[in-house]
Amino acid sequence: MTYEAVVITVSDRGYWGQREDRSGPVVAELLTEAGYTVCQQTIVQDEQGQIEKLLIDAADRLDAALVVTVGGTGFSPRDVTPEATAAVCARMAPGIPEAMRAASLAVTPRAMLTRAAAGIRGRTLIVNVPGSPKAARENLSAVLPTLAHGLDMLRGGPADCAAEVRP
């Protein structure tokens, strides 16, 4: 089954044109290669209310199956993407960021510093990944093969939970 996805880059400098967004396109490319249709790609500044509005729009109006946010997951006072995600989600999916952190820890001990979150709003899964192109690729690649199964369950499609899983 093909699912629609939205990519939201959270970056003050990217929003104001002071830095090229290289991470959003990396995520969009990964999603496209995995069979998703990226129906929207945008940049927003690190403002919780604005992030929340985009997440709500992607889930409620666009009915995207998957929303991947890029950036805003660190320790900086302006990094509020996980808080925005938690504010708009009815249910959290902690296993997704746990898996991303575990995979990323094999590459760098700094992986433990990400505060990425994942949750469900209606029929939409929202996943936060870090803002650097390398970290975004590593984190999303760690979970992407399994997300379609979760989306099948979330969207009421065929989901064979007893099927053999291969990494």
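Because the structure is a prediction, the values reported are computed rather than measured.
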Show the nearest heavy-atom pair for residues [X] and [Y], with the distance to one decimal.
X      : Y      : result
Leu144 : Ala34  : CD2-CB, 3.6 Å
Ala84  : Ile51  : CB-CG2, 3.5 Å
Val70  : Pro130 : CG1-O, 3.5 Å

Same cluster for [X] and [Y] if Ile/Leu/Val/Met/Phe/Trp/Tyr side chains link at under 4.5 Å?
X      : Y      : answer
Val67  : Leu31  : no
Val129 : Val7   : yes
Val38  : Val127 : yes
Ile56  : Val80  : yes
Val143 : Leu154 : yes

Tell me, which pairs form a salt bridge (Lys or Arg N to Asp or Glu O under 4.0 Å) where one or both residues lie in residues 49-58, sequence neighbours left out?
Asp57-Arg61
Ile43 side, atom CD1; Trp16 side, atom CH2 - distance, nearest 0.5 Å:
12.5 Å
Quick one: pull up CD1 in Ile8 and CD in Gln40 and give me the separation to the nearest 0.5 Å.
7.0 Å
Kindly write out the residues that satisfy side chain to side chain contact (heavy atoms under 4.5 Å, CB included) with [X], not counting sequence neighbours, or none if the list is empty.
X     : answer
Glu4  : Thr37, Cys39
Tyr3  : Met1, Tyr36, Ala65, Leu151, Asp152, Arg155
Glu47 : Gln45, Gln50, Arg78
Glu20 : Arg22

Among residues at least two apart in sequence or on other chains, which ones pass salt bridge (charged side-chain N to carboxylate O under 4.0 Å, His left out) with Arg123?
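Asp63.
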Output all residues satisfying side chain to side chain donor-acceptor pair (under 3.5 Å) with [X], sequence neighbours left out; order by chain, then residue number.
X      : value
Thr9   : Asp21
Arg137 : none
Asn139 : none
Gln41  : none

Hey, can you pull the donor-acceptor pairs under 3.5 Å for the side chains in residues 89-116, sequence neighbours left out?
from: Arg101; atom 1: NH1; to: Thr114; atom 2: O; distance (Å): 3.3
from: Arg101; atom 1: NH1; to: Ala116; atom 2: O; distance (Å): 3.3
from: Thr108; atom 1: OG1; to: Arg110; atom 2: N; distance (Å): 3.2
from: Thr114; atom 1: OG1; to: Thr73; atom 2: OG1; distance (Å): 3.3
from: Thr114; atom 1: OG1; to: Ala116; atom 2: N; distance (Å): 3.3
from: Arg115; atom 1: NE; to: Gly74; atom 2: O; distance (Å): 2.8
from: Arg115; atom 1: NH1; to: Glu83; atom 2: OE2; distance (Å): 2.7
from: Arg115; atom 1: NH2; to: Asp79; atom 2: O; distance (Å): 2.6
from: Arg115; atom 1: NH2; to: Glu83; atom 2: OE1; distance (Å): 3.2

All pairs passing side chain to side chain donor-acceptor pair (under 3.5 Å) where residues 125-136 contributes a residue, at least two apart:
Thr69-Asn128, Thr85-Asn128, Lys134-Glu138
Taking Arg121 for its side chain and Val88 for its backbone only, find out whether a donor-acceptor pair lies under 3.5 Å.
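Pair found, side chain donor or acceptor close to backbone of Val88.
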